Each structure stands twice: as structure tokens, then as C-alpha cells.
Amino acid sequence: MSQELDALYQEIILDHYKHPHHKGLRDPFEAEVHHVNPTCGDEVTLRVHMADAPDGVLRVEDVSYDSVGCSISQASASVLTDLVIGKPVDEAMAIHESFLTLMQGKGNVEPDEEVLEDAIAFAGVAKFPARVKCALLSWMAWKDATLSVVGPVETLEESK
Amino acid sequence: MTHELTGLLPELEVLRKDFPILSRTLAGGQPLVYLDSANTSQKPQIVIDTMVDHLERHNANVARAMHQLGAESSEAFEGGRDKVAAFIGAPSRDEVIFTKNASEALNLVANTLAWATGDLAIGAGDEVVITEMEHHSNIVPWQLLTERKGATLRWFGLTDDGRLDLSNIDDLITERTKVVSLTWVSNMLGTINPVAEIARRAHEVGAIVVVDASQAAPQLPVDVVASGADLLAFTGHKVVGPTGIGVLWGRREVLDRLPPFLGGGEMIETVSMQRSTYAGIPHKFEAGTPPIVEAVGLGAAVDYLSHIGMENIHAHEQAITAYALEGLATVPGLTVLGPLDATQRGGAISFEIDGVHPHDVAQVLDSRGIAVRAGHHCAKPAHQRFGVQSSTRMSSYLYTTPAEIDALVDGLEYTRSYFKLS
Ligand SMILES: Cc1ncc(COP(=O)(O)O)c(C=O)c1O
């Protein structure tokens, strides 16, 4: 039983939960969104700041957030910011896609550590249907905020 | 620890055998410790068997089938109504209306009040009074009603120890008050409210009183007349009955003055292409084929509870609740939301643990076979009142044992150590 729990609460997740990265709302930002998980009440307010780098590529300059929720939702926000800040927006979207696929894979998707880094720790969460939404809360908020600035990119396949 | 609590139901182990689900095991062969009965209760064999028997031997539509099965089915369905009427002390069986659940019963009242004419009509300047400890099902319908009619929604606040703050009752219940709607027992704080006293005040100003008995009907003896309610709602699945059925009881004088809710088969007297006239209560409010087997199951459920005795069930809940409050008090960093005196509360206990989110508490408990609820329990405003976003809730019922409470307390200790808090 504790084995199953340990698969969910990986050390990496608990570390991010206790010491979240990039937490707090910061300026400047182009968009701010507020997402809630209506079943449990977890909430996140998230801001995105993007800018064209000298090479002309639009990059994620900052993602800042304020959130209340469980260890899974808090840790996933922290991991998200680690992964996308500094990346070209296109690449960040691809990471998002990859995380979504992992979370919706019911535990049958092999995560790509190259792409997902610390986020592979969430592979265990995919086996707990009730917790998938927790893990996705800030990721969905980030995508929503980003798209509201850059407009719809050719839409990535997405199911509920 | 000795489990010789006074007030426990006798032969609890035998009684538990009535509930087949309680003997199943979960992942890893762990026994089930079900502490989520305020969410939904488990079902005794007699309810399951009665429903299966109805489906296997008596199934037919009610009222409109002119054959033997139709007669048997109608009799069983109306028999369910008789049993519910007896269970709540309704002066007349016709005052018992079957709905889908408590939410629909409350919405039935709020909607028909929106359409009412005469002295029940609600408009600008009128007020509806609720409380800050309501389930969303007893908040949202009243928000909709008051928004639609330009009336004002007001509410009783809560004291720090989780009771209704009645200090401004004279300011809240006034000549402008048309409806006072409140929960008898809170599903989050466990508080038992002085419904009869509030009803008396409401009646003095001519308001009608709606009582949400969803958490009261499972654990307190309910006498609708003594309660002071004009209308009272509860839901079948929390009184060891099936899902898909709820009850609205109303005083005949009030029900007769309310317009129909849904239109359709069974609720009419006669229909022409221009207009219709309506059946009397209860059928006026029961359009379409009703939840037949659910009503039959609910009848068996309330008979089962009456057979054990609601006084005895209440005493059992109080003993378990007191024992649980004692046990929870030993867990470091744990704060109970709501009254701490077991005699003043029902069997739902919500709590917080410093440093662990309710979701994570519930997850760790689940890995030990212990089922509790985590979240806002459909009472967001009450959580806000106490400055918390969510909580963990354990809720007991007539089949809960002291050993299960011990398992919970051990599980909470384990949760703290799992998250490295001790
Ligand atoms: C106090 C209270 N009111 C209303 C309800 C709604 O019951 P239902 O969901 O069966 O309509 C519940 C249960 O969830 C409750 O606890």
C-alpha cells in the first residue's frame, strides 16, 4: 500500500511541494488567468510574460503564480515553471503536449525524460484518475494564458 | 483502548452484516473503513433485495397500467410513500412528493415560488433568508429565485465555533421576509440548528419555512410537524436508500397554493389543446414516470431505520462522534471545524491538519482502506467563513464502529509521518 503511495508521492514531488519554484505573482505580464478545480476547490492565479528574443523567436520570459491546493497541484505548478521559463513558446507548447499525454495515459505512457525532466515524477499520478486534474490545473492555466496572448496555434489534439 | 462506549447500537457486528459492502476488501486485501456516509450511506441487504424483487417480479409502470403487474407496481410504489410519510410523521401521505434528490426538491420549491401568484408571490422588496452553512443545493436555487424576481437574498452568519449567529435575528427576519430556508444539520460543520425556534420567528412575520433535512433525516428522529417546517427536503441515498430519489414534504395548505413544477404525464387532471387542469397533490408535482423501484427501495430503507429506531441511531451517532472528537484531539496540528460538543452536532466532522492538504490526507487514508471526503463538501461559503479552502471530512453512521475511528486516528498519525511532520 505504501508502495503505491510512494509511486504517487515521488520525492521530487514532495520537494517541489515544500519548496515551490517561481511562486508569487510578478510584473510584467501580458495575461493573467484564474483557474479552479470545482470539485475540490484548488485554485491558481497565473501570469505569463513573453517577449521576442534577439533571434526573433518568441520566448517565455516568466511564469508567475499564486495557488492553493494539494501537494500534486502545487508541485506541478512549480515543475511547469521550471520547464517552460526561458523556452521558445513553441517548444514550451510541445512540452505541455507531452505532459498532457503522460497525464491522460492512465499509467501506460512511457515519459520522455529529455523533454519532461522533473515532470516524469508525475507518471505515477496518471494512475490516480482523481488526481490527474490536480496535476493539470496550472498547466491548463498556463496554456490558456499563453494562447490568450499569442492566439490559437494550430491546435494540439486535446481531449478532456 | 476499551470500546465500551455507552449509546452504541447493540450487536453492532451483527448489524454490520446487513450491509454486504462493509465486508469487502480493497486493494492489497485491506478491509474497508467507510467514513463517508454523509456523502452517501451504504445499503442494507433488505433494500437491495426489495429492489431486485420488484424488478424481477413486479415491474410495470405505475398508475397507467391496467394489468396485474401494474397494480402490484403501483401498490409497491405508493407503499413507499406510506412508509416515508410514517418515517417523518407526515399528517397525510399526499404531502409526500417524490423527486430525484434533495437538490431537485429544493429547486422545486424555489421554482414554483418564482411562478407563484397571490400571497406566496415574491418580488422586488421581498427577502429570502438562508444561512452561511448551507449546502450549495440550498444556496443556488435561492440566488436564482431572488435574481429572477428582483428580491433580496440575506443570510445568517456563523459564530467562530460553527453555530448560527442568531444575534441579529430581528434584523434578518422581518415583515419583508417571504422565505426562510435553512439546513437542520450542517453537512460540513455537523451543527444541529434550532430549526423550530427559527421557524416560530419566521411564522410570526408570515414567512414560509423550508428545511433541508438531508443530513438530519439519516440521524435524528424527524417529526415534520414539530420541526416547524412548511416544506422539508431530504435525499434517499443518505438514509440507506437508493440514489435517484428524494423527498419533498410540504404542508397541504402550502403545496396546494404552489403552481405545478414540471408538466407532463400523471400531473394533470385533464388536458385539451388549449389548457390543462392539474391533479391534486402529490401527483401535481410528479410529472412523468416516477423513480418507481427507487421509491420501493426507499420504503424498505426507512422501514429498516425505523426498525432499529431513530432514537437509537441518534444515540449511536452521538457516542461515535464523541469518541471521534476525542481521538482527533490527540492528533497534533489537527483542528476541527464546528462545535466540539458531540451532543450539539451530527456525525460529520470536518478538520484540517497543519501542513497537509486535505486531498493528500484522503489519499494516504485511502491507501489504508479508509474512505473520507476531501474538498469543500459543496459548502464553499462555510469554508470561506473559516478562512479555509477545503477540509477533510469523516462521517459515521449506524454501522460505524469505535475500531474504525481508531483506524482513522492511526491513519492520520501515519499521514503526518508520511509527510514528515513528526
Ligand atoms: C445538507 C445537504 N443538503 C443537500 C444535499 C444534496 O443532496 P443530493 O445531492 O442528493 O441532492 C446534501 C448532500 O449532498 C446535503 O448534505
Side-chain angles (χ1 to χ4, degrees), chain A residues 1-20 23 34-46 65-78 103 106-107 121-138 141, chain B residues 25-33 36 39 136 140 188 337 350 352-393 407 410-411 413-421:
Chain A
M1 76 188 169
S2 145
Q3 217 174 338
E4 183 196 311
L5 262 194
D6 293 344
L8 175 66
Y9 294 117
Q10 303 268 328
E11 214 50 58
I12 302 177
I13 293 184
L14 295 180
D15 284 349
H16 277 275
Y17 173 48
K18 295 237 151 124
H19 310 287
K23 193 163 174 164
H34 182 73
H35 277 210
V36 299
N37 180 345
T39 44
C40 64
D42 284 2
E43 297 188 31
V44 64
T45 303
L46 182 141
Y65 62 98
D66 192 17
S67 57
V68 271
C70 63
S71 57
I72 304 295
S73 73
Q74 302 303 293
S76 101
S78 172
M103 294 319 300
K106 303 197 163 76
F122 288 83
V125 179
K127 291 192 201 106
F128 294 82
R131 304 307 292 277
V132 169
K133 270 197 189 159
C134 309
L136 287 177
L137 183 67
S138 55
Chain B
T25 52
L26 300 168
Q30 310 217 54
L32 167 68
V33 176
D36 198 20
N39 203 351
H136 297 166
V140 184
M188 176 207 162
L337 302 163
S350 299
E352 281 194 290
I353 297 184
D354 272 353
V356 200
H357 189 275
H359 253 166
D360 297 318
V361 174
Q363 189 84 57
V364 176
L365 292 178
D366 184 52
S367 77
R368 297 165 73 92
I370 305 169
V372 297
R373 186 163 172 187
H376 49 60
H377 325 312
C378 300
K380 272 197 113 167
H383 278 83
Q384 255 154 32
R385 161 65 179 80
F386 291 97
V388 297
Q389 178 222 5
S390 60
S391 61
T392 309
R393 181 183 73 184
D410 288 349
E413 293 286 4
Y414 175 74
T415 305
R416 291 189 77 255
S417 67
Y418 192 87
F419 285 96
K420 305 191 172 57
L421 293 170

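Labels below follow one simple rule: chain letters A, B, ... track the order of the sequence lines, proteins then strands, and each chain is numbered from 1. Keep in mind that this is a model prediction, so the values were computed, not measured.
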Margin query: When you compare the side chains of B:Asp360 and A:Tyr9, does any donor N or O come within less than 3.5 Å of an acceptor on the partner?
Written below: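 On atom types as modelled, these side chains qualify, holding a pair under 3.5 Å.
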Notebook entry, point to check: Quick one: are B:Tyr414 and A:Leu5 in side-chain contact, heavy atoms under 4.5 Å?
Noted result: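 B:Tyr414 vs A:Leu5: side chains touch.
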Notebook entry, point to check: Is there a side-chain contact between B:His359 and A:Asp42, using heavy atoms and a 4.5 Å cut-off?
Noted result: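 Yes; the side chains approach each other to less than 4.5 Å.
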Next item on the list: Step through the shown structure and confirm whether more than 12 heavy atoms of other residues, nucleotides or ligands are within 6.0 Å of NZ on A:Lys18.
Entry: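 More than 12 within 6.0 Å, yes.
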Margin query: Can you give me the closest heavy-atom contact between A:Tyr17 and B:Gly355, atom names plus distance?
Written below: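 Minimum heavy-atom contact is OH-O, 3.7 Å.
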Notebook entry, point to check: How far apart are the closest heavy atoms of A:Glu43 and B:Gln389, and which atoms are they?
Noted result: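 Between these two residues, the closest heavy atoms are N-NE2, 3.7 Å.
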Note to self: Could you work out, with ring-ring contact (aromatic ring centres under 6.0 Å, His included) as the rule, every residue matching A:Tyr65, not counting sequence neighbours?
What the structure shows: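 A:Tyr65 satisfies ring-ring contact (aromatic ring centres under 6.0 Å, His included) with no residue once adjacent residues are dropped.
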Notebook entry, point to check: A:Gln74 versus chain B, heavy atoms under 4.5 Å apart: side chain, backbone, both or neither?
Noted result: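 No part of A:Gln74 comes within 4.5 Å of chain B.
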Item checked: Part of B:Val364 within contact of chain A (heavy atom distance under 4.5 Å) ->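 Contact with chain A is through both the backbone and side chain of B:Val364.
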Notebook entry, point to check: Can any side-chain N or O of B:His376 pair as donor or acceptor with the backbone N or O of A:Pro38 at less than 3.5 Å?
Noted result: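 Yes; at least one donor-acceptor contact below 3.5 Å.
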